[in-house]
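Reading through the structure tokens given below for one structure.
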Amino acid sequence: MLEPVIPIIKSTLNNIDYDMFYSIGAEAIKKGKLAVCTLAGGQGSRLGHKGPKGTFIVPFEKITSRSIFEIAAEKIKNAYKEFGIYTYWYIMTSKENDKETKDFFIDNNYFGIPKEKIIFFMQGEFPLIRENGEEIKDKEGNIVLAANGNGGIFKALEDEGIILHMKENNIDYICTCNVDNILVNPIDAVSFGIIVKNNADLCIKSIEKSNSDEKVGSIVLKDDKITVVEYIDMPKELTAIKNEEGSLIYSESHFGCNYIGLSLLEKISKQKLPIHEAHKKNDEYGEYIKKEMFIFDGFEMAEKPIVIRVLREDEFAPIKNKDGVDSPKTAILLYENKFYR
Ligand code: UTP
């Protein structure tokens, strides 16, 4: 059974609570309890940029153009100014883009961040298959593999030694961020303070749905467990329900910013996540199926989940498509409106 979640709404905290959460969060950040984890293993096929999406140069209008990775690095450096510590920055790559990503960081001198604070790890792969389940082979007869979706993070964290690294460095949480959201705010002391104070093992940041038809994943309770239901799987009769004030009750949408505690990471990394199939087509392989896991499929295992709703204009400016919605143009407008009005 599906039920709505009740979020903590960051913008409605009173000053006393805001300051209290800020100081709890800031103290934990200063102790190194939080690491940032950028999900950068995707193909970025919709954007059509040659190379890892993080290497895409955002053509700003009011400020100097810079790469998506540089924008992310600036957040780590700003947090250093605020908290006096470089948080660890884990970056998930895929076999396809690992070398190019690492070379980009070397060429950019790690954007001035101490290089030992940036740790790359690689996600796994699944074979591409045909409708009948047959694996696709290349001209040399090798099975064609592709990144196994952002849900590949959990096994990769374990296999690539990141969970061990967290334990050795007393890191309690990672904040996973989609590489393509240039307004994402992972080192957010107020939200982190709420997480620490609640001893939450999972915090999903949400933004309020702009309307019932918006094509975003809904954060809901399913049989009392927190989960994200994709737009197409959400029962239409539920999405339109409003409360007495006229607001949608299934209002919380997932935008790819999640704080996950070490214990939950370990738990999920030992489980098999469901496999989703995306039907695709390209010139090289014709029609094929790409198998993928999704990061949010692990969330049902959380014992103490919370949802913090933040303001869309503060934290959400995705670059997904070449033109139109969620394109560099729309993201630039949002980013410059926030910082350089
Ligand atoms: P998207 O679903 O937007 O996929 O990923 P994508 O690969 O970036 O873009 P398209 O669909 O091909 O156009 C959401 C986030 O998950 C990461 C992406 O890098 C992005 O930050 N991701 C996705 C991975 O890290 N690994 C994957 O296998 C897939």
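First listed ligand is number 1; within each ligand, the first listed atom is number 1. Values below: every heavy atom of this structure, side chains too, minus hydrogens, waters and symmetry copies.
- For Ala40, the heavy-atom gap to ligand 1 drops under 4.0 angstrom.
- At a heavy-atom cutoff of 4.0 Å, ligand 1 is contacted by no atom of Glu292, backbone or side chain.
- Here the heavy atom of the protein found nearest to atom 15 (C) of ligand 1 is Asn178 OD1, 3.4 Å.
- Of the protein's non-hydrogen atoms, the one nearest atom 8 (O) of ligand 1 is Lys53 NZ, 3.2 Å.
- Short contacts between ligand 1 and Gln43, defined as distances under 4.0 Å to a heavy atom of the residue, involve ligand atoms 7 (O).
- The shortest contact between atom 25 (O) of ligand 1 and any protein heavy atom is with Gly41 N, 2.8 Å.
- A salt bridge does not link Asp326 to Arg46: none of the charged nitrogens lies less than 4.0 Å from a carboxylate oxygen.
- Tyr335 and Phe60 have tilted rings, their planes meeting at an angle from 30° to 60° on a 0 to 90° scale.
- Residue Gly44 places a heavy atom under 4.0 Å from ligand 1.
- Annotation: side chain of Lys304 is not in contact with side chain of Asn198 (no heavy-atom distance under 4.5 Å).
- In the model, Thr227 has a side-chain atom that pairs as donor or acceptor with a side-chain atom of Glu300 under 3.5 Å.
- Ring geometry, Trp89 versus Phe105: the interplanar angle exceeds 60°, so the pair is classed perpendicular (tilted spans 30 to 60°).
- For atom 12 (O) of ligand 1, the closest non-hydrogen atom on the protein side is Ser45 OG, 2.6 Å.
- In terms of protein heavy-atom proximity, atom 26 (N) of ligand 1 is nearest to Gln123 OE1, 2.6 Å.
- In this structure, atom 22 (N) of ligand 1 lies nearest to the protein heavy atom Gly42 N, 3.5 Å.
- Between Tyr110 and Phe120, the ring planes are tilted. Angles from 30° to 60° get that label.
- By the 4.0 Å N-to-carboxylate-O rule, Asp314 lies too far from Lys10 to be salt-bridged with it.
- Using a 30° and 60° split on the angle between ring planes, Tyr90 and Phe121 fall in the perpendicular class, above 60°.
- Against a heavy-atom cut-off of under 4.0 Å, Met92 is close to the following atoms of ligand 1: 25 (O).
- In terms of polar-atom proximity, Leu39 is counted as a contact of ligand 1, with an N or O under 3.5 Å from an N or O of the ligand.
- Here the protein heavy atom with the shortest distance to atom 4 (O) of ligand 1 is Arg46 NH2, 4.1 Å.
- Between the choices Asn150, Asp326, Thr38, Asn321, the shortest heavy-atom distance to atom 29 (C) of ligand 1 belongs to Asn150.
- Scanning the protein heavy atoms around atom 5 (O) of ligand 1, the nearest turns out to be Lys320 NZ, 4.1 Å.
- Heavy atoms of Gly149 come nearer than 4.0 angstrom to ligand 1 in at least one pair.
- The side-chain contact (heavy atoms from CB on, under 4.5 Å) test applied to Leu128 returns Ile136, Val144, Ala146, Tyr285, Tyr288, Lys290, not counting sequence neighbours.
- By the 4.5 Å heavy-atom criterion applied to side chains, Met293 and Phe126 are counted as neighbours.
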